[in-house]
Amino acid sequence: MQIDLAGKTALVTGSTEGIGYAIARQLARAGADVVINGRSEEKTANAAERLKGEGAGGTVAAVAADVATAEGCDALVAKVPHVDILVNNAGIFQPLDFFEANDEVWDRHWQVNVMSAVRLSRAYLPGMQNVDWGRVIFIASESGFNIPVEMIHYGVSKTADIAVARGLAKRMAGTGITVNSVLPGPTLSEGVEAMLAEERAKTGKPIEEVAADFVKKHRGSSIIQRAASVEEIANLVTYLASPLASATTGASMRVDGGLIDTL
Ligand code: NAD
């Protein structure tokens, strides 16, 4: 199976590190012209430079913009008016008990995890309709199905991503545009490394082991019993972004290590 994305422009939000960077790298290696996005100018430019040295087949651009705000999304769209592939990856997760999570926490998760994707989908889908081809991928989470008790606000935002993706797929019915959500399980990104830093310092164990302990303790239904690598998530996203995945739309695709315990 050959995945060739030459001539396609792909925007991956929140792609200076973590899952987003791995997705950007896979898409670039498949030949796409890739736009890297993060909030800081310096970090975004550095990530784009790094990507150029990692086998990018097409061009690599950097656009710093905070996609959690309407202004940030507008600025991004002004700089990159058309994309063929939109990966709504930018997201935050903050473990916090329901009774500690105030309105500000809920609103921040909603703006970063949901509204960024809503605004950018609204901005880019008409251009995809003009060329009758496009791919929109929401990076949701298994937490959208298995609402985590330690961060209900996060789970709800990811359920919303899955719902928006399903609705948009139907809205694009009969076109060459597909819209899907991808549901990673615990994945060893920079964000998760930061979340596990304290435990790592306490135990002195390698990060993979600390992550596997976390999975066994807090996500016991995981079949693989370990965290995924960012590349394992990027592999599925790259397939979905390709012309090969033309009959997959409106789907919530799991790359969760078997964690969601339903058929
Ligand atoms: P991460 O924290 O390692 O990286 C997040 C990236 O998003 C960073 O580049 C950060 O700069 C960027 N970002 C954050 N807010 C932004 C904003 N407002 N505007 C622009 N960029 C912004 O995160 P990750 O673990 O790689 O997660 C990526 C996505 O995958 C998120 O949507 C997350 O919810 C989802 N996810 C992660 C896991 C996991 O275990 N890592 C599991 C399921 C789903």
Side-chain angles (χ1 to χ4, degrees), residues 11-25 35-48 50-51 62-76 87-95 107-117 119-120 137-148 151 153-162 164-165 181-197 207-208 210-212 214-215 218-219 222 224 226-234 236-237 252-257 259-260:
L11 165 63
V12 185
T13 64
S15 49
T16 58
E17 59 189 15
I19 293 172
Y21 182 81
I23 293 169
R25 182 170 52 200
V35 181
I36 293 276
N37 158 255
R39 280 157 300 174
S40 121
E41 293 277 354
E42 193 189 352
K43 218 169 152 185
T44 309
N46 286 345
R50 184 180 150 204
L51 185 56
V63 179
D66 182 350
V67 295
T69 66
E71 300 73 37
C73 289
D74 288 348
L76 177 51
V87 183
N88 290 312
N89 167 77
I92 53 168
F93 36 93
Q94 179 188 1
D107 191 49
R108 195 152 37 83
H109 280 75
W110 188 256
Q111 293 300 326
V112 182
N113 296 0
V114 186
M115 289 312 297
S116 61
R119 293 187 188 108
L120 293 175
I137 298 162
F138 285 64
I139 306 302
S141 170
E142 53 79 22
S143 296
F145 282 4
N146 287 1
I147 304 297
M151 44 181 180
H153 46 281
Y154 174 72
V156 169
S157 74
K158 292 295 166 176
T159 311
D161 282 333
I162 296 164
V164 176
S181 52
V182 165
L183 279 51
T187 304
L188 208 39
S189 65
E190 278 85 341
V192 165
E193 278 192 32
M195 196 174 86
L196 299 175
I207 189 67
E208 288 76 12
V210 176
F214 171 87
V215 169
H218 298 286
R219 301 288 187 273
S222 166
I224 61 173
R226 62 169 174 84
S229 69
V230 291
E231 288 77 18
E232 287 175 307
I233 313 305
L236 176 60
V237 175
S252 44
M253 303 287 291
R254 302 174 188 184
V255 52
D256 65 340
L259 197 158
I260 299 169

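Order of appearance sets the numbers: ligands from 1, and atoms from 1 within every ligand. Count residues from 1 along the sequence. Given the structure is predicted, the values throughout are model-derived calculations rather than measurements.
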Atom 40 (O) of ligand 1 - nearest protein heavy atom and its distance: Thr187 N, 2.7 Å
4.5 Å side-chain heavy-atom contact, Leu76 and Leu11: yes
Shortest non-hydrogen contact from Arg254 toward Leu236: O-CD2, 4.1 Å
Side chain to side chain, His109 and Lys158, heavy atoms closer than 4.5 Å: no
Geometric N/O contact Gly38 with ligand 1, under 3.5 angstrom: no
Within reach of ligand 1, part of Leu188 (heavy-atom separation under 4.0 Å): neither
For atom 33 (C) of ligand 1, closest protein heavy-atom neighbour: Tyr154 OH, 3.6 Å
Atoms of ligand 1 close to Ala68 [distance to a heavy atom under 4.0 angstrom, numbered from 1]: 18 (N)
Ile224 side chain reached by Val215 side chain, heavy atoms, under 4.5 Å: no
Residue portion contacting ligand 1 (non-hydrogen atoms closer than 4.0 Å) for Lys43: neither
Numbering as shown, the atoms of ligand 1 that approach Val192 to under 4.0 Å (heavy-atom distance): 39 (C), 40 (O), 41 (N)
Proximal ligand 1 atoms for Ala65, defined as those under 4.0 Å from one of its heavy atoms: 19 (N), 20 (C)
Interatomic distance, Ser143 atom OG to His153 atom NE2 [nearest 0.5 angstrom]: 10.5 Å
Minimum-distance protein heavy atom relative to atom 13 (N) of ligand 1: Arg39 NH2, 3.8 Å
Between CD1 on residue Ile233 and OG1 on residue Thr187, distance to nearest 0.5 Å: 3.5 Å
For Pro186, atoms of ligand 1 separated by under 4.0 Å from a heavy atom: 40 (O)
Protein contact of atom 27 (O) of ligand 1 - nearest heavy atom, named by residue and atom, plus distance: Phe93 CE2, 4.0 Å
Candidate with minimal heavy-atom separation from atom 35 (C) of ligand 1, of Ser141, Gly91, Gly191, Ala140: Ala140
Tyr21, portion touching ligand 1 at heavy-atom distance under 4.0 Å: neither
Atom pair CZ/CD1 of Arg108 and Ile92 - distance to nearest 0.5 Å: 4.5 Å
Closest candidate by heavy atom, reference atom 31 (C) of ligand 1, pool Asp66, Ile23, Asn89, Ile139: Asn89
Residue portion contacting ligand 1 (non-hydrogen atoms closer than 4.0 Å) for Ala227: neither
Heavy-atom side-chain contact between Val114 and Asp161 under 4.5 Å: yes
Lys/Arg cation over aromatic Tyr21: Arg50, 6.0 Å, 45° cone: yes
Nearest-contact summary for atom 26 (O) of ligand 1 - protein heavy atom, Å: Ile19 N, 2.8 Å
Lys158 to ligand 1, any heavy atom closer than 4.0 Å: yes
Atom pair CD1 (Ile36) and CZ (Arg25), whose distance is rounded to the nearest 0.5 Å: 10.0 Å
For atom 19 (N) of ligand 1, closest protein heavy-atom neighbour: Val67 N, 3.2 Å
Proximal ligand 1 atoms for Gly18, defined as those under 4.0 Å from one of its heavy atoms: 3 (O), 26 (O)
Heavy-atom nearest neighbour in the protein, as seen from atom 7 (O) of ligand 1, with distance rounded to 0.1 Å: Gly14 CA, 3.3 Å
Minimum non-hydrogen distance to atom 25 (O) of ligand 1, winning option of Ser40, Ser189, Gly185, Ala228: Ser189
Crowding at CD, Glu41 (>12 non-hydrogen neighbours, <6.0 Å): no
Nearest-option assignment for atom 9 (O) of ligand 1, heavy atoms, candidates Thr16, Val230, Val63, Val255: Thr16
Sub-4.5 Å side-chain heavy-atom contact between Ser252 and Phe145: yes
Close-contact set for ligand 1 against Asn37 heavy atoms, below 4.0 Å: 20 (C), 21 (N)
Over 12 non-hydrogen atoms of neighbours within 6.0 angstrom of CD in Glu42: no
Per-atom contacts of ligand 1 with Glu17, taking only distances under 4.0 Å to non-hydrogen atoms: 8 (C), 9 (O)
Any side-chain heavy-atom pair of Ile139 and Pro184 under 4.5 Å: yes
